[in-house]
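Because the structure is a prediction, the values reported are computed rather than measured. Every chain is numbered from 1 and lettered A, B, ... according to where its sequence line falls, protein lines coming before strand lines.
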2 protein chains.
Amino acid sequence: MSTIKDVASIAGVSIATVSRVVNNGPKVGNKTRDKVLKVMAEIGYTPNANARALVKKKNTTLGVVIPALNDPFFASLANGVERIARDKKQHMLLSTGGFSCESELNAINLLIEQRCESMVVHSKKLADETLIELSKKVPGIIFIDRIIPGIEERCIWLENMEGGKIAARHLLALGHANFALLNSNFDIEDPNLRRKGFVETIENANSVQAIIQEINHEPTLKGGEMAAQQLLSLNKPFSAVFAYNDAMAIGAISVLEDNGIRIPEDVSVIGFDDVLLSQYSRPKLTTMHYPIENMAENAAKLAIEFGNNSASKNDFKHRYIPSLVKRESTSSCLD
Amino acid sequence: MSTIKDVASIAGVSIATVSRVVNNGPKVGNKTRDKVLKVMAEIGYTPNANARALVKKKNTTLGVVIPALNDPFFASLANGVERIARDKKQHMLLSTGGFSCESELNAINLLIEQRCESMVVHSKKLADETLIELSKKVPGIIFIDRIIPGIEERCIWLENMEGGKIAARHLLALGHANFALLNSNFDIEDPNLRRKGFVETIENANSVQAIIQEINHEPTLKGGEMAAQQLLSLNKPFSAVFAYNDAMAIGAISVLEDNGIRIPEDVSVIGFDDVLLSQYSRPKLTTMHYPIENMAENAAKLAIEFGNNSASKNDFKHRYIPSLVKRESTSSCLD
DNA sequence: TTGAAAGCGCTACCAC
DNA sequence: GTGGTAGCGCTTTCAA
């Protein structure tokens, strides 16, 4: 691949001049500029971003860490970040962190090696202290979907407990009293918070004798199916299901329907996340809207500002509340 | 951020020695190694990948270009590439190419600037000649989901026409004679090829008087809804629908059902791609399986081999044929 | 086993 | 307007 030297020598100018025209620098004669441009086109010169980053001590690369790509929730996250990257003429380096401590740390280190000045990181496994350490080392790092005491200004998060409460209130208002909670078995905070909000709200309600059966599984379509199967085998009555996410909800619905249970006539189901899929499932899924794409956009903007040391502190929203999207999978309890 | 010099001076050794321990180089005394390691940990040293890439004239970065992230089909593609990247200890740089010539070229150039030695590119808009030019400049570039005459060894593609044929044969075998083709209105080759295979097969069949109505829309859920709406308003009989992709198929099903048409009792619907969603739609979608993740993995391996000049030509599969996945959305024509 | 030094491709500063 | 050149952080000879 050709270098700036090649261009310079063919065009008969110095590399300084070539650099100026490449960077649209000022003070370049028109004929010189044209000549250089012509040579660049002829030999197909493309500047080396590594060399540039090295001398400028700065990248045009925005890093993202998500657990995996093939999950619509994380795809939306990445998509939000990507949009901002494009807006700000940055590139996006994506690194998947999987679901373990080590791989999350690896993914982040990779971005640091590339000297991404800004990064949006979705980490659930790493300890608070590790992340705080990291936040000191990398000024432009922002943690999404997590709240870390002490560095809240570097975090963007959703109030999971609120989500549980809102879902419970909705189901309670519909007259349900026998609940099933199909929760994630991942060892992270979110399922606990959602459960807490859900359970507390129900227990504080005056409905006599509300019961809640909880079953934990992988937060996937498959996991939802298995959880529903298990729920059915328990053989206890329930008229409302709160699933950890839309995937579980839809998996559960499919098993429930296969067993002759009508949604929402016999059982109401509510999901979480509001991924695209939930609008197209049958029945359309009632769910808690998680504004992840919007959050990701803000995280990316914040990361870039922090990376530039230009964070304007005040005008950023860090805390988001999910909202109920009422569709077709929930209805009044007919018992 | 600290550099190799910092480590060297604190540890009281030369930068050459530090470099050796960082790279697990040979011939480093044990105490020296330990001392250096200790300093690195203390000051939180992370090697600068840009500097490294500059001198080695080589990256550990595998580039990918896809149109967008928030489409499950492309997410699968990226996921396949990512898996191989991880296997081969490479990083993945993702660049979105959108749906225009300029943005596709931008996306590719970005990867070239970063000097990715290997890249998997999904380009539908750029001309063959441009891509051939590119393939000369970048030895490790592989084009996925496209076949470019002259550089077939650098391409991995699916036989779209075959897909259309197989879908048609399936529907014909079920006794259908009145067809609707809900095709993509994108100006690329795929919809044309799928149509060609579909239409030819039907016309060559001996069924008297087969009719095919074609409607074009965006290849999305929304587009499928609109296409179905339009189809209904045509007021002509049809008992089988071949959609450009699963999203359109599912969008169409939702409109059809809203209009009291039962799937598959009244109308059979077949999709294309076999994205995860199609397993969980109701009814479960009959579709053409597009082994995109597998293709992407192979593309990534190929890209890495070509990037290393070590392409072992013969043992790579370049041409893929879609296969029918029979689920619940198609059945015999009862008319 | 270790160090000195050249040089990767580029930007930015200083001369002219 | 243009050229010369130091130096970004690192790897890799070559010597010692």
Mind checking whether B:Asn50 and A:Asn59 have side chains closer than 4.5 Å, heavy atoms only? yes

Check this one for me: any side-chain N or O of [X] less than 4.0 Å away from OP1 or OP2 of [N]?
X       : N      : value
A:Lys31 : D:dG1  : no
A:Asn23 : C:dT11 : yes
B:Thr17 : C:dT2  : no
B:Asn50 : D:dG9  : no
B:Lys57 : C:dG7  : no
B:Lys5  : D:dC8  : yes

Whether the [X] and [Y] side chains hold a donor-acceptor pair (N or O, under 3.5 Å, no angle test) is what I'd like checked.
X        : Y        : result
B:Gln90  : B:Thr60  : no
B:Glu293 : B:Asn79  : yes
B:Asn298 : B:Tyr320 : yes

Closest approach to the side chain of [X], judged atom by atom: which nucleotide of [options] is it?
X       : options               : answer
B:Val28 : C:dT11, C:dT2, C:dC14 : C:dT2
A:Ser14 : D:dT11, D:dG9, D:dG4  : D:dG4
A:Val55 : D:dG3, D:dT11, D:dG7  : D:dG7
A:Ala16 : C:dA12, C:dA4, C:dT11 : C:dA12
B:Ala51 : D:dG9, C:dC10, C:dC14 : D:dG9
B:Leu54 : C:dT2, C:dC8, D:dC10  : C:dC8
A:Ile15 : C:dT2, C:dC14, C:dC10 : C:dC10
B:Thr32 : C:dT1, D:dT12, C:dC10 : C:dT1

For atom [atom1] of [X] and atom [atom2] of [N], their distance in whole Å:
X       : N      : atom1 : atom2 : value
B:Asn48 : D:dT11 : CG    : C1'   : 13 Å
A:Arg52 : D:dG9  : CZ    : C1'   : 18 Å
B:Met1  : D:dC10 : CE    : C1'   : 16 Å
B:Arg33 : C:dT2  : CZ    : P     : 9 Å
B:Lys35 : C:dT1  : NZ    : P     : 14 Å
B:Asp34 : C:dT1  : CG    : P     : 14 Å
B:Asp6  : D:dG9  : CG    : P     : 8 Å
B:Lys27 : D:dC14 : NZ    : P     : 13 Å

Salt bridge B:Glu82-B:Arg86, side-chain N to carboxylate O under 4.0 Å: yes

Closer than 4.0 angstrom, basic N to acidic O: yes or no for A:Arg146 and A:Asp190?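 Judged by the 4.0 Å cut-off on N to carboxylate O distance, A:Arg146 and A:Asp190 do not form a salt bridge.
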
For [X], answer base if it contacts any base atom (sugar-phosphate contacts may also be present), sugar-phosphate if it contacts only those atoms, and nothing otherwise; contact means non-hydrogen atoms under 4.0 Å.
X       : value
B:Val13 : sugar-phosphate
A:Lys56 : sugar-phosphate
B:Ser19 : base
A:Pro26 : nothing

Using a 6.0 Å distance limit plus a 45 degree cone around the ring axis, check whether A:Arg154 lies over the aromatic ring of A:Phe143. no

Report yes or no: is there a donor-acceptor pair, N or O only, under 3.5 Å between the side chain of B:Arg115 and the base of C:dG9? no

